[in-house]
Amino acid sequence: MTTNTTKTAKKGRATNEAVVRALLDRQRHTYAAEAGIRLRDTPAPLYQTLVLAILLSARIRADTGVSAARALFDAGLRDPRSMADATWQQRVDALGEGGYRRYDERTSTLLGKGAELLLERYGGDLRRLREEPDPRAALMDIPGIGPTGADIFLRDIQGVWPELAPRIDGKAQDGARRLGLPTAPEKLGGLVDGRELPRLADGLVHAALDKHMADEVRDAAESA
């Protein structure tokens, strides 16, 4: 009886590991990396990750949000000071260059106001957010950041702020459910090295948004 139970448990773990391997094979990079962000615990990449979170929290395709972030950064808008100093039209033009046309005017305004708040409250250094009693609540004071944007930001920076890990938000849990994986953050976090958690979380979100990709992952895991 005990032996059969042990075998079943081992089989379940192996299946979960195979699914995660297949998922990471397809999610080669995080969304932040795709946007050209070299994430470190320093002011500029943390701010760039926040900008990406604002863009991705709108109802647009993830690749459009990534493209718009790259366009903003290519235009030199890489930190709160440069974002605040840019004109509204300069921000609109960069967003349009990245294909972010549906929400470009509103988002330009939000990015400008958000940059000004960060300069006033944190001196433009988001590392100070880490000292807040509730970083998620503090994030939602920033224009353009709601619950979804806060979750995206925290999901991405858990690799450099390990006290946040494992950060698996609701959308990532939807992907885990679709792939037949456990949905508890602690169980999912135990399936990868801590450095891979942001990529796993982004892969799970990708699976939640793309059924075809999720089906491919399951097929690959089953044939492994």
Side-chain angles (χ1 to χ4, degrees), residues 4-39 45 48-49 51-70 98-100 136 147-162 164-224:
N4 290 340
T5 301
T6 301
K7 287 181 178 178
T8 300
K10 287 182 177 178
K11 183 178 179 182
R13 284 198 296 273
T15 300
N16 290 341
E17 290 164 358
V19 171
V20 167
R21 282 196 301 272
L23 177 63
L24 294 180
D25 281 345
R26 283 152 182 79
Q27 189 74 31
R28 295 284 184 176
H29 306 287
T30 62
Y31 292 128
E34 290 175 3
I37 301 168
R38 296 182 179 180
L39 190 53
Q48 291 159 24
T49 303
V51 169
L52 179 63
I54 290 171
L55 298 175
L56 290 177
S57 62
R59 293 187 177 182
I60 47 89
R61 290 173 55 89
D63 57 357
T64 301
V66 167
S67 177
R70 291 188 72 99
Y100 204 86
R136 187 173 185 273
T148 299
D151 286 339
I152 292 170
F153 178 78
L154 296 174
R155 187 176 76 215
D156 283 346
I157 65 164
Q158 64 183 312
V160 293
W161 292 2
L164 297 176
R167 193 83 189 188
I168 305 292
D169 60 28
K171 183 60 72 174
Q173 287 177 315
D174 288 344
R177 196 172 293 111
R178 172 170 276 178
L179 292 171
L181 290 169
T183 57
E186 293 76 14
K187 290 186 177 180
L188 287 166
L191 294 170
V192 294
D193 181 275
R195 293 170 298 180
E196 296 287 2
L197 267 170
R199 187 157 64 100
L200 172 64
D202 279 359
L204 292 172
V205 170
H206 193 171
L209 298 174
D210 187 341
K211 184 177 184 299
H212 178 69
M213 179 267 207
D215 289 343
E216 285 186 343
V217 168
R218 296 190 67 169
D219 289 345
E222 289 169 4
S223 61

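All values reported here derive from a predicted model rather than from experimental measurement.
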Exercise. For Thr183 and Ile168, run side-chain contact (heavy atoms from CB on, under 4.5 Å): C-alpha distance rounded to whole Å, both residues' side-chain angles, the deciding distance at 0.1 Å, then the answer.
Key: CA-CA 8 Å; Thr183 57; Ile168 305 292; over 6 Å; no
Self-check item: Residue from Asn16, Leu204, Leu197 passing side chain to side chain contact (heavy atoms under 4.5 Å, CB included) with Leu188
Solution: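 Among Asn16, Leu204, Leu197, the one that satisfies the side chain to side chain contact (heavy atoms under 4.5 Å, CB included) with Leu188 is Leu204.
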Are [X] and [Y] close enough that some pair of their side-chain heavy atoms sits under 4.5 Å apart?
{"X": "Gln158", "Y": "Pro198", "result": "yes"}
{"X": "Asp156", "Y": "Asp202", "result": "yes"}
{"X": "Gln173", "Y": "Pro185", "result": "yes"}

Does [X] have any side chain to side chain donor-acceptor pair (under 3.5 Å) partners at least two apart in sequence or in another chain, and if so, which?
{"X": "Glu196", "result": "Arg199"}
{"X": "Asp151", "result": "Arg136"}
{"X": "Asp174", "result": "Arg177"}
{"X": "Gln27", "result": "His206"}

For a quick test of your reading: what N or O donor-acceptor pairs under 3.5 Å do the side chains of residues 54-63 make, sequence neighbours left out?
residue : atom : partner : partner atom : Å
Ser57   : OG   : Ala53   : O            : 3.3
Ser57   : OG   : Ile54   : O            : 2.8
Arg61   : NE   : Asp63   : OD1          : 3.2
Arg61   : NH2  : Asp63   : OD2          : 3.2

Whether [X] side chain and [Y] backbone form a donor-acceptor pair below 3.5 Å:
{"X": "Gln48", "Y": "Ile37", "value": "no"}
{"X": "Arg70", "Y": "Glu34", "value": "yes"}
{"X": "Thr64", "Y": "Tyr100", "value": "no"}

Measure across [X] and [Y] and return the closest heavy-atom pair with its distance rounded to 0.1 Å.
{"X": "Ala69", "Y": "Ala35", "result": "CB-CB, 4.1 Å"}
{"X": "Ala201", "Y": "Ala172", "result": "O-CB, 3.9 Å"}
{"X": "Gly175", "Y": "Ala208", "result": "N-CB, 3.5 Å"}

Quiz item: Between Asp193 and Arg195, is the closest basic N to carboxylate O distance under 4.0 Å?
Solution: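 Yes.
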Quiz item: What distance separates Leu191 CG from Glu186 CD, expressed to the nearest 0.5 Å?
Solution: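 If we round to the nearest 0.5 Å, Leu191:CG and Glu186:CD are 12.0 Å apart.
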Quiz item: Atom CG of Asp210 and atom CG of Asp215: how far apart are they, to the nearest 0.5 Å?
Solution: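 Result: 9.0 Å between the selected atoms.
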Which pairs of donor and acceptor atoms, one on a side chain in residues 217-224, lie under 3.5 Å apart (sequence neighbours left out)?
residue : atom : partner : partner atom : Å
Arg218  : NH1  : Arg178  : O            : 3.2
Ser223  : OG   : Asp219  : O            : 3.1
Ser223  : OG   : Ala220  : O            : 3.1

